[in-house]
Amino acid sequence: MIGTGYVGLVTGACFADLGNSVVCVDKNDEKIAMLNNGEVPIFEPGLEEIVKKNSLSGRLKFSSNISASIKKSDFIFICVGTPSSKNKRSANLKYVFQVSKDISRNINKFKIIVTKSTVPVTTGDKIEKIISKRKSKKYFEVISNPEFLREGEAIRDFRFPDRIVIGSNNNKITRRMRNLYEPLIKKGAHFFSTNRRGAEVIKYASNAFLATKISYINEIANLCEKIDVNVEDVSLGIGLDQRIGSRFLRAGPAYGGSCFPKDTKALTVTGDLFKSNLSIIKSVIKSNEKRRKLLTLRVQKILSNKIKNKKIAFLGVTFKPNTDDMRQSSSLSMIPFLAKKGAKINYYDPTGQKKEFEKFKSVTFFNDVYKACKGNDLVIIHTEWEEFKALDFKKLSKRKKIKIFDMRNLYSEKSMKKSGFEYYSIGR
Ligand code: NAD
Ligand code: UGA
């Protein structure tokens, strides 16, 4: 596994758990040192146990030596990041191409090179071209095996995936990939193969579709707020139609994370490049950007546009629960905006203090929910961690009447209002 981040580490540990010999490589020496020391650098439920167990058995190793690791391996998974580039739209492929060059220098026997990173269509062709500059095509095959795991659910998603997609132009290699995944296929995972470009498109089209579903329900939620309808009833009512499906219809803050925002943008760039206007995805991106502003405006409105010196508590700042990942979390725009307007922000997150807020003097981390909320004017439930689902609101507002903005609809509007709280939520 080249790249030991959320994808490389989870996939490497889980493949080792299936009995394979795996080496996870990273150019970040600190990460590798931590892992060799038994520490897992990311928060992902269940990962630490699997890493420990397989490190002890000797099946899972960590290394900074990319050359030696490539030489020893039959399968090489490229799992490095593909963030948005400086122009903020297209995927930056410099890490993928760097790894491709490293691979080309170290091919000593036949290698199956698997792109697991999310890459725009035709990247596989480019990787193949880079490697062919040094090595004859008979020594390697480049295939696509996009990853669909979700942070916070990554172990379960590896073990019980809805589908395994292999994009290869070579049937023999597709069969070898199928063998590698056989233990999961036996447990019910669908195996789907197509050509390399097809698999590259499937990954982006999946993420963009899911992002569309979320933006769609978020816009319906805006309408519901104006007409006294509960968006959750609408989600349930439409989701029961199996053609629509009930998942990914939870209205909330703008979608975030390390993938939906960057992948939707990168897909529109690909569309433009091939003169195919992906207008639906373009409007999803716009809608999501608008949503970031809309919810911040809503916070201002709840506080009657008087932000200065108001005490606001944020519960959860990551983009979703069960992860420590802050990438593209809506808290990253909301908290600085409110802090600059003079609000005093306390925040609590189960994964600890965040370096992103260190430079703001009026933003303080607390390691306890109740301490973070003490004496606040407004409490914002930003991330739907389990531990926020049964808060003792009486304890929260002992001394002062607080307003609550539940951005994840964790509580019933009726019972919150009955208890006398000034309670706001989404789409109801
Ligand atoms: P990440 O940033 O957590 O990890 C990437 C790792 O690659 C880093 O540790 C970095 O040091 C390492 N790296 C970069 N260049 C390297 C090089 N030349 N040699 C060795 N190591 C190098 O990224 P991630 O979240 O794991 O995502 C990786 C890819 O998988 C991206 O393309 C992403 O879109 C895709 N993906 C991510 C998820 C997810 O949930 N995070 C899910 C599916 C797909
Ligand atoms: C997402 C996809 O779900 C994975 O299949 C994919 O592999 C991954 O991106 C990727 O390519 O990296 P992830 O970003 O971990 O996974 O998280 P999601 O659970 O999809 O949530 C993304 C965002 O959408 C979060 O901000 C979340 O709060 C939001 N969301 C999700 C909603 O607002 N409503 C929903 O109903 C679902």
I'd like to check [X] versus [Y] (side-chain heavy atoms, cut-off strictly below 4.5 Å). Are they in contact?
| X | Y | value |
| --- | --- | --- |
| Arg250 | Lys213 | no |
| Phe388 | Tyr348 | yes |
| Lys137 | Ile131 | no |
| Ser67 | Asn65 | yes |
| Arg163 | Ser206 | yes |
| Ile380 | Leu315 | no |
| Ile127 | Ile78 | yes |
| Val22 | Lys61 | no |

More than 12 heavy atoms of other residues, nucleotides or ligands under 6.0 Å from [atom1] of [X]: is that the case?
| X | atom1 | answer |
| --- | --- | --- |
| Leu294 | CG | yes |
| Lys186 | NZ | no |
| Lys389 | NZ | yes |

Is a side-chain N or O of [X] found less than 3.5 angstrom from the main chain of [Y], in a donor-acceptor match?
| X | Y | result |
| --- | --- | --- |
| Thr11 | Gly8 | no |
| Tyr370 | Leu391 | no |
| Glu384 | Pro321 | no |
| Arg134 | Ser104 | no |
| Thr383 | Trp385 | no |
| Asp157 | Pro161 | no |
| Ser331 | Val317 | yes |
| Ser329 | Met326 | no |
| Thr4 | Val25 | yes |
| Asn376 | Ala313 | yes |

What heavy-atom pair brings [X] and [Y] nearest, and what distance separates the two atoms?
| X | Y | value |
| --- | --- | --- |
| Ile281 | Ala208 | CD1-CB, 3.9 Å |
| Cys373 | Val379 | SG-CG2, 3.8 Å |
| Ser73 | Val23 | OG-CG1, 4.2 Å |
| Ile130 | Lys101 | CG2-CG, 3.8 Å |

Rounded to the nearest 0.5 Å, what separates atom [atom1] in [X] from atom [atom2] in [Y]?
| X | Y | atom1 | atom2 | result |
| --- | --- | --- | --- | --- |
| Lys203 | Leu267 | NZ | CG | 12.0 Å |
| Ser235 | Tyr216 | OG | OH | 10.0 Å |
| Leu278 | Thr270 | CG | OG1 | 8.0 Å |

*Going through the distances and angles, do Asn169 and Asn195 end up as a side chain to side chain donor-acceptor pair (under 3.5 Å)?*
CA-CA 5 Å; Asn169 305 334; Asn195 63 12; 5.0 Å; no
*For residues 313-323, which residue pairs qualify under side-chain hydrogen bond (donor to acceptor under 3.5 Å, both in side chains), counting only residues two or more places apart or in two chains?*
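Listed once each, the pairs are Glu151-Thr323.
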_According to side-chain hydrogen bond (donor to acceptor under 3.5 Å, both in side chains), does anything in residues 352-367 pair up with another residue at least two apart or in another chain? List the pairs._
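Applying side-chain hydrogen bond (donor to acceptor under 3.5 Å, both in side chains) to every pair that reaches into residues 352-367, excluding sequence neighbours, yields Thr351-Lys354.
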With sequence neighbours excluded, give me every salt bridge (charged side-chain N to carboxylate O under 4.0 Å, His left out) pair touching [range].
| range | value |
| --- | --- |
| residues 267-282 | Arg89-Asp272, Asp272-Lys282 |
| residues 166-179 | Arg178-Glu182 |
| residues 25-46 | none |

_I'd like to know if Arg298 and Glu225 make a salt bridge, using a cut-off of under 4.0 Å between side-chain N and carboxylate O._
yes
*Please step through side chain to side chain donor-acceptor pair (under 3.5 Å) for the pair Tyr181 and Asn145, ending with a clear verdict.*
CA-CA 11 Å; Tyr181 279 109; Asn145 170 210; 2.6 Å; yes
Which atom pairs, donor and acceptor, lie under 3.5 Å between side-chain atoms of residues 92-99 and protein residues at least two apart or in another chain?
residue : atom : partner : partner atom : Å
Asn92   : OD1  : Lys94   : N            : 3.0

*Who are the ring pair (Phe, Tyr, Trp, His ring centres under 6.0 Å) partners of Phe77, not counting sequence neighbours?*
Phe15
*Going through the distances and angles, do Lys52 and Glu49 end up as a salt bridge (charged side-chain N to carboxylate O under 4.0 Å, His left out)?*
CA-CA 5 Å; Lys52 273 195 185 141; Glu49 290 86 331; over 6 Å; no
Those residues that, when tested against [X], pass side-chain contact (heavy atoms from CB on, under 4.5 Å) (two or more places apart):
| X | result |
| --- | --- |
| Asn36 | Ile32, Phe62 |
| Gln300 | Leu297, Asn305, Ile307, Phe337, Lys341 |
| Lys371 | Phe366, Asp368 |
| Lys109 | Asp74, Lys111 |

*Do we see a donor-acceptor contact under 3.5 Å between the side chains of Tyr424 and Asp406?*
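The answer is no; no qualifying pair exists.
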*Could you tell me whether the side chains of Glu219 and Ser287 share a donor-acceptor contact shorter than 3.5 Å?*
yes
_Output field: ring centroids Tyr347/Phe357 closer than 6.0 Å_ = yes
*Among Lys286, Lys290, Arg292, find the one that has a side-chain contact (heavy atoms from CB on, under 4.5 Å) with Asn288.*
Arg292
*Using side-chain contact (heavy atoms from CB on, under 4.5 Å) as the criterion, point out the one residue from Ile113, Ile143, Thr123, Val142 that pairs with Glu128.*
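The option that passes is Val142.
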*Residues Asp233, Arg428; criterion salt bridge (charged side-chain N to carboxylate O under 4.0 Å, His left out); working and verdict*: CA-CA 10 Å; Asp233 291 345; Arg428 10 188 231 192; over 6 Å; no
*Please test Thr115 against Ser117 for side chain to side chain donor-acceptor pair (under 3.5 Å), starting from the C-alpha separation and ending with a verdict.*
CA-CA 6 Å; Thr115 315; Ser117 297; over 6 Å; no
*Tell me, which pairs form a ring pair (Phe, Tyr, Trp, His ring centres under 6.0 Å) where one or both residues lie in residues 186-212, sequence neighbours left out?*
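Ring pair (Phe, Tyr, Trp, His ring centres under 6.0 Å) check on residues 186-212 returns no pairs.
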